[in-house]
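Keep in mind that what you see is a predicted model, and the values were worked out from it rather than measured.
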Amino acid sequence: LLFHNNCLFLMIEIRKCLLTGFEENRCSMTYMFEYPEYRRVALPRRMARLYPAYGLYLYGEGLYAQETRALKLTGAPVLFLPGNAGSHKQARSLGSVALRKAENMEGGLHFNVFTVDFNEELVALYGGSLLRQTHFLHESIKAILRLYKHLKTPPQSVVLVGHSMGGVVARALFTLPRFNTNLVSLIITQASPHLAPVLALDPYLLDFYSAVRQKWVNQAKKLRNVTVLSVGGGYRDYQVRSGLTSLPCTPGDSNKLSLVATAVPRTWVSTDHLSIVWCKELVLATVRAFFDLLDPETRQVRTTNVHTHFQMNLSEEKKCCVEKNGGIVALCLQEGQVKYFQFALSSRRKAYSHFYCRSNNLVSVQLPLCRFIHPGLRQPTKMRVTSPALEDHVTMAIACLSADRLPNVYRIHVPWFREDSLTTASVPSVTEISGMLHTSCPDNISGVLLQLHTAPNCQYKVSVRTSLPRMLGQILRFCGPMVPVYTAVTLLQACGGQLSSILKSRRAAEMSEVVAKGLQPHKVNLPVYILHILLGCSWFQEVWSFLYLPPMDALPPWPLLLSPLLYILGAAVAYWGSTLLRLIMRLISLILAPFHRVQNLLQFDSRQIKVGSKLSWFFSASFQAPRKYREDENGMVDAESLSKPKECNGAPLLSECALQEVRDDLQLHLCLSALFTLPIMLITPSLLHWLRNLRYSTQLDPDPCWPCSVPLIIVYILLINCNTLKLSNSKLLPLTSCLPLPMSIAMVTFSPLHLYRVTYFLLAALVPLASCCLL
């Protein structure tokens with residue numbers, strides 16, 4: 001109990017660091033000045049019949065909304081795509097800022113912002129709708145371009161802005177066989193997991209990702225003219241970590257750019273998963289890029305220099321700027337003895353935004369740091385700090401001797417991924433900077449650099465320290481989706497321990513005891529390590545391929561340390577989850593207790609007695625006493641059986657022997673109920689999607705649940721009417737009690753990146769157990 005209490009405290013601390021271990025939200029809110037309107041764009045009848053739940057809208061407000069009522073449009077089309085459970089009204093920030101910007105532009109240049117309504121589907125958890133959304137997006141683009149046919153030079157392409165899974169759907173357009181690649185030339189995605197889904201709860205989601213990856217990698221030369229810009233939220237986005245927003249593309253493709261919001265010039269802030277849509281700093285940077293790249297004659301957005309608006313390139317522009325509360329200090333590269341600095345002007349100035357001056361007052365210092373905690377954790381090399389690479393915070397103490405105290409700028413520079421962060425600080429000050437990274441470091445690239453831009457008369461002290469809870473929180477950020485696998489392993493091992501107890505002593509052990517004994521990493525992880533080693537041999541790979549086994553789900557590097565830690569976290573979830581389940585069952589038992597008293601059973605008819613009996617079994621056999629009385633074929637309780645003093649080994653009916661059987665059955669069904677909870681939770685997103693679309697279709701197509709739901713229901717019906725005595729007399733129990741361990745090993749081998757496989761392995765262990773009720 002003490003061990004699991006400590007694990008619970010550790011999980012709370014890790015979760016706290018994961019959800020709150022970052023800077024405060026420094027994004028400014030975008031506001032409207034007039035009431036927004038979303039005008040529905042009529043689609044062909046065939047499209048309306050095929051996709052009744054989807055819709056296409058044009059954003060407008062005020063006078064602009066009135067002018068576009070007839071859909072006679074003259075601007076450049078931009079289409080916003082919402083993500084998982086996202087609303088089409090999230091286009092408000094982009095549309096409003098673009099409209100305000102157009103009022104100050106000469107020549108009437110403006111953008112028409114469209115948005116798609118995907119019925120707020122849970123596409124991050126159910127992949128069956130992703131292909132349907134892709135087809136509807138294709139038809140929406142063609143419908144948008146038809147609105148400009150009345151112009152002499154109508155636009156030929158649409159700019160796509162996708163949030164979350166909307167960005168993945170935007171890239172999936174190019175997998176359609178009849179899609180014209182000239183219809184889209186620029187895609188901007190916001191917090192979109194391009195590398196892999198956050199949770200792989202069904203095979204359709206992984207198949208969709210695989211098709212998109214193969215298209216963009218195999219036809220990279222053909223799609224080189226399509227510019228894709230992926231922006232991650234940074235530390236604040238704990239739903240989609242920024243490492244997943246990296247675009248899988250061939251090296252050297254300059255039209256594919258992945259970066260974090262903290263590295264976007266004139267943005268410099270981290271956003272959470274939702275605020276990245278309305279973050280004023282990022283929306284302004286996006287809209288400025290749109291207007292700078294817009295061709296006034298063709299109303300097309302050029303994609304030649306889009307990168308210059310979203311990244312700092314000191315080697316080319318020889319400047320960088322850091323904003324702070326409207327006023328700013330800026331640092332530039334040194335040319336000989338001259339340094340160039342950049343200062344931001346007031347936002348009220350229209351013609352210019354910055355001016356430059358030369359000075360030798362500031363100096364730049366670069367300090368090599370070790371690689372911070374990330375999936376590619378390794379020992380530091382000679383040019384790095386000689387402490388273990390577990391640092392997650394850098395502290396700078398700055399003190400200046402002169403009265404001229406200029407602001408200081410600190411930059412964490414990551415050479416292999418555009419996730420730089422800049423921080424400004426006054427003097428004297430002590431500033432703390434987070435050093436947790438989003439991606440791993442390649443072998444041929446140097447480590448992280450800390451750049452200090454400060455006055456030459458300043459004394460500075462830099463310290464790098466480690467916080468264990470934050471380090472564990474970073475591990476949970478990368479490997480959190482694997483915890484449910486180890487939770488299932490713990491519960492499956494607990495079920496195996498329960499069956500072994502019934503086989504040896506014909507008695508079921510306490511639920512808390514068997515769950516605590518389910519933590520056996522030496523029995524589960526050791527065979528997995530051996531398989532990892534053997535797969536390095538060519539002969540074993542040939543045997544593996546000959547058996548048609550799927551590839552092993554690759555764990556992150558250094559699994560010798562990660563797997564036991566994830567196992568401990570999964571065991572803690574299993575232990576306290578089962579404890580909560582027992583409390584819920586006890587509460588339900590107290591509520592239903594009056595309905596199961598013997599004196600009340602005689603007052604009910606046969607139908608009521610049947611219902612009461614089934615309810616008792618539904619709540620994990622909390623009341624097994626009614627089965628002690630004989631029932632006839634119609635479910636009637638035999639009154640003579642109630643009056644006769646039944647005995648168990650010469651003792652009365654309610655003796656310790658009878659009560660022990662009830663307790664054994666209760667512990668068994670509690671263990672099975674905890675095990676059945678996992679597949680129910682895994683299929684819940686598909687069930688929610690079906691319920692939300694029930695008014696459009698009574699069938700879930702495709703349905704990832706039917707291969708496992710039917711046998712799961714049959715197994716549940718058999719086990720709900722089973723008891724300890726029947727199991728102990730079964731001839732299959734010795735074989736069944738040995739299955740949980742190999743199924744646990746297979747689960748850790750094949751399920752960390754394919755969570756839907758957990759249900760299959762649980763069924764493989766439960767089907768023989770259900771057979772024990774028959775044989």
Side-chain angles (χ1 to χ4, degrees), residues 1-11 14 375 377 468 471-472 475-476 478-505 509-537 540 544 549 552-579 671 674-675 678 734-755 757-758 761-762 764-765 769:
L1 181 60
L2 180 61
F3 173 78
H4 288 285
N5 287 337
N6 294 333
C7 290
L8 178 63
F9 176 75
L10 180 62
M11 288 183 56
I14 293 176
L377 184 65
L468 180 61
M471 181 188 69
L472 296 178
I475 293 177
L476 189 63
F478 283 94
C479 307
M482 301 180 187
V483 174
V485 176
Y486 289 92
T487 301
V489 167
T490 304
L491 292 177
L492 190 57
Q493 289 291 93
C495 182
Q498 195 73 272
L499 296 179
S500 299
S501 176
I502 296 174
L503 180 63
K504 294 178 181 179
S505 62
E510 288 289 335
M511 175 70 174
S512 57
E513 180 182 348
V514 293
V515 174
K517 291 182 178 180
L519 181 59
Q520 298 175 343
H522 61 283
K523 292 184 178 181
V524 177
N525 291 332
L526 184 59
V528 178
Y529 298 154
I530 295 175
L531 286 176
H532 273 283
I533 296 174
L534 291 177
L535 280 175
C537 304
F540 192 78
W544 192 276
L549 294 175
M552 291 184 63
D553 283 357
L555 293 174
W558 49 297
L560 292 175
L561 178 61
L562 264 187
S563 295
L565 178 61
L566 296 176
Y567 204 152
I568 291 174
L569 295 179
V573 173
Y575 180 85
W576 291 107
S578 60
T579 302
C671 187
L675 201 58
L678 288 173
L735 176 62
T736 305
S737 61
C738 298
L739 288 178
L741 180 58
M743 290 298 104
S744 299
I745 297 173
M747 199 181 301
V748 175
T749 304
F750 300 109
S751 297
L753 303 181
H754 302 76
L755 288 180
R757 292 177 180 173
V758 171
F761 291 116
L762 292 178
L769 180 59

Study note, to complete from the structure: Residues passing the ring-ring contact (aromatic ring centres under 6.0 Å, His included) test with Phe761, sequence neighbours excluded, are none
Pairwise side-chain contact, [X] with [Y], heavy-atom cut-off 4.5 Å (strictly under):
X	Y	answer
Leu476	Val483	yes
Ser563	Val748	no
Val489	Tyr567	yes
Arg757	Asp553	yes

The criterion is side chain to side chain contact (heavy atoms under 4.5 Å, CB included); which residues satisfy it with [X], sequence neighbours excluded?
X	result
Leu739	Pro768
Leu503	Leu733, Pro734, Ser737
Cys537	Trp539, Phe540
Ala509	Gln498, Ser501, Glu513, Val514

From [X] atom [atom1] to [Y] atom [atom2], the distance as rounded to the nearest 0.5 Å:
X	Y	atom1	atom2	value
Thr490	Leu569	OG1	CG	10.5 Å
Cys495	Leu769	SG	CG	5.5 Å
Thr736	Ile502	OG1	CD1	11.0 Å
Leu526	Ile530	CG	CD1	4.5 Å
Met482	Thr487	CE	OG1	13.5 Å

Smallest separation among heavy atoms of [X] and [Y], with atom names:
X	Y	answer
Leu491	Ala674	CD1-O, 3.6 Å
Leu492	Leu675	N-CD1, 3.8 Å
Pro484	Gly480	CD-O, 3.6 Å
Ser744	Pro740	OG-O, 2.7 Å

Pair up each side-chain donor or acceptor in residues 518-525 with any protein partner under 3.5 Å, not counting sequence neighbours, and list the distances.
{"unit_1": "Gln520", "atom_1": "OE1", "unit_2": "Gln493", "atom_2": "NE2", "d": "2.9"}
{"unit_1": "Gln520", "atom_1": "NE2", "unit_2": "Lys517", "atom_2": "O", "d": "3.1"}

